[in-house]
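One structure is given here, and the rest of the page talks about it.
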Amino acid sequence: MKNKVIPYGRQHITEEDIQVVIETLQSDYLTQGPKIAEFEEKFAHYVGAKYAVALANGTAALHLCAMALNVKKDNKVITTPITFAASANCVRYCGGEVVFADIDSDTYLLDINAVRQLLEASPKGTYKGIIPVDFAGKAVNLEEFRELADEFGLWIIEDACHAPGGFFVDSEGKEQFCGNGKFADLAIFSFHPVKHIASGEGGMITTNDEVLYNKLLQLRTHGIVKNNDLYTNSVEFAGGKEAYPLWYMEMQELGYNYRITDFQAALGNSQLQRADEGVQRRREIAKTYADAFQGKNYIKGQSGKVEGHAHHLYVIEVEDRLGLYNYLREKKVFAQIHYIPCHLMPYYRQFGWKEGDMPNAENYYKHCISLPMYPTLTEEEQQFVIDTIDGYYGK
Ligand SMILES: *Cc1c(COP(=O)(O)O)cnc(C)c1O
């Protein structure tokens, strides 16, 4: 234990994962092969959505979502300050304006009441959409957000990067899985190594909307269409006689190359098979932490309401966070801070955001620390983390 670093999160690559990647490397396809379609189909099934589009990374997924929903210059979009900056940046890529709304101090999620206040304070049509984030793996109650969004004519992009396998319980008592497309127009995931499913770099968009789905496919590959029914140039121009020739295609919009490779998709597929196991193990780890910290007044643990939590992160709030962070680091426990409030990043300050704008988020940032949380964290390692924290606070 003494010489081994315990990080806050890490990937788990098995022999089987390695084998499928090797097989793909030896196949005819390095990119745009059968593994991508397989990954999309299996992932859509896993989260319970109709369609899935695999992409180069989660940030590309967010960018294409904003494009598909037509975010334009100065369009206002609401999101949470306690998230990875990419959740907000996708609006800026399209020239839109990011409007932050504060978090709920118990759940750390975007506070629906804060969002409602913003919406009610402006004429209808002022805001175009909301990007709630299933922060740390806790699912946002999207049924409530959908109702609010419908009232004001907004779309929803669910940033579900932390929460594959997470769910909330709806008003009828049903489990609604993150990214199932029932309430959000689009949902996005990331397969960066610290996330639940690792493909190196990688991302996914899920949706139940066929029109958006087709648009995303087009935007993923340069805005190119390959469908006889959709061409706008004539058959004659294309070089055909009665029909468009086989080689023909049209670039109809300004898209990107945001494709994932086939060997990454193969790795994603293999990892996806163990996704449920991983979430299960994360829930065990969370329970061990929660039990160990119960009744200790130097720790404010995660909210008691943990049903459906996917536990990407295990966040606690403490006094003297810097001291604890450094002490853990000395003992080779590399805890992490999630997140520095996005509205106070120098980039966003230029738009006028300042300290005091989001009191709950800013107060949370003063105390939060993410403890090691990943399926291969051993019981012994976890106990070491707990004992080290207790040791620091002198218990
Ligand atoms: C990881 C992450 C992203 C971005 O995903 P990448 O694959 O790293 O581009 C976006 N939002 C959240 C909340 C994330 O955790």
Side-chain angles (χ1 to χ4, degrees), residues 7-11 39 43 47 52-67 77-94 98 100-101 103 107-110 129-140 142 156-166 178-179 184 186-206 216 220 256-261 264-265 267-268 271-272 278-279 282 309-315 336-343 345 347-348 361 364-365 368 370 373-374:
Y8 83 92
R10 65 162 298 153
Q11 75 275 21
F39 191 28
F43 194 84
V47 300
V53 179
L55 295 154
N57 54 65
T59 304
L62 282 160
H63 185 190
L64 291 198
C65 286
M67 282 183 80
V77 176
I78 300 169
T79 193
T80 167
I82 298 300
T83 186
F84 186 58
S87 314
N89 295 351
C90 65
V91 176
R92 295 292 309 136
Y93 296 154
C94 298
V98 179
F100 294 99
I103 59 164
T107 62
Y108 310 150
L109 304 180
L110 182 62
I130 314 174
I131 307 178
V133 179
D134 300 313
F135 172 72
K138 183 166 176 59
V140 170
L142 286 178
I156 297 174
I157 299 172
E158 175 187 12
D159 183 336
C161 283
H162 294 185
C178 296
L186 298 164
I188 74 111
F189 295 87
S190 163
F191 307 122
H192 179 278
V194 297
K195 311 291 162 80
H196 287 208
I197 296 162
S199 68
E201 298 282 353
M204 192 78 81
I205 302 172
T206 57
L216 292 166
R220 170 172 71 178
Y256 294 85
N257 174 358
Y258 277 167
R259 294 184 302 258
I260 193 171
T261 64
Q264 287 172 309
L267 178 55
Q271 294 248 319
L272 183 55
V279 172
R282 286 171 187 273
H309 205 304
H311 294 295
H312 167 58
L313 302 173
Y314 195 89
V315 181
Q336 188 53 281
I337 308 305
H338 300 93
Y339 287 97
I340 301 160
C342 201
H343 68 292
M345 286 292 174
Y347 175 78
Y348 282 102
Y364 163 83
Y365 171 60
C368 68
S370 306
M373 167 56 85
Y374 48 92

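Counting starts at 1 for both ligands and their atoms, following the listed order.
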For ligand 1, which is the ligand I care about here, please tell me if E201 has any N or O atom under 3.5 Å from one of the ligand's N or O atoms. no
Contact between R282 and H196 at the side-chain level, heavy atoms closer than 4.5 Å - yes or no? yes
Hey, is ligand 1 close enough to T83 that some N/O pair sits below 3.5 Å? no
Atom CG in D159, atom CD1 in I188: separation rounded to 0.5 Å? 4.0 Å
Could you find the nearest protein heavy atom to atom 9 (O) of ligand 1 and give me its residue, atom name and distance? T59 OG1, 2.5 Å
Quick one: nearest non-hydrogen protein atom to atom 8 (O) of ligand 1, plus distance? S190 OG, 3.9 Å
Could you establish whether G202 and ligand 1 come within less than 4.0 Å of each other, counting only heavy atoms on the residue side? yes
Below 3.5 angstrom, do we get any N/O pair linking F191 and ligand 1? no
Atoms in ligand 1 with a heavy atom of S87 nearer than 4.0 Å: 11 (N)
Backbone or side chain, does any N or O of H162 fall under 3.5 Å from an N or O of ligand 1? yes
Nearest-0.5 Å distance that lies between atom CG in D134 and atom CG in L109: 7.5 Å
Heavy-atom contacts with N57 under 4.0 Å: which atoms of ligand 1 show up? List them by number with element. 7 (O), 9 (O)
Carefully, step by step, assess T107 and F135 under the rule side chain to side chain contact (heavy atoms under 4.5 Å, CB included). CA-CA 9 Å; T107 62; F135 172 72; over 6 Å; no
Considering the heavy atoms of G58, write down every atom of ligand 1 situated less than 4.0 Å from one of them. 5 (O), 6 (P), 7 (O), 9 (O)
Selected option - heavy-atom contact closest to atom 10 (C) of ligand 1, from G200, A56, C161: C161
If you define the side chain from C-beta out and look only at heavy atoms, does anything of L62 sit under 4.5 Å from N89? no
Count the heavy atoms of every other residue, nucleotide or ligand shown that sit under 6.0 Å from CD1 of I340, and state whether that count exceeds 12. no
Against ligand 1, does G203 come closer than 4.0 Å with any heavy atom? no
If we set the cut-off at 4.0 Å for heavy atoms, which region of D159 has an atom near ligand 1: side chain, backbone, both, or neither? side chain
Determine whether any heavy atom of Y339 lies closer than 4.0 Å to an atom of ligand 1. yes
Would you say K195 contacts ligand 1, with heavy atoms under 4.0 Å as the rule? yes
Kindly compute the distance separating OG1 (T261) from CG (L267), expressed to the nearest 0.5 Å. 9.0 Å
Inter-residue atom distance Q271.CD - F191.CZ, 0.5 Å rounding: 10.0 Å
Are R220 and L55 packed together at the side-chain level, in the sense that at least one heavy-atom pair is separated by less than 4.5 angstrom? yes
Step through it carefully: locate the ring centre of Y93, locate the ring centre of Y256, and say whether they are under 6.0 Å apart. no
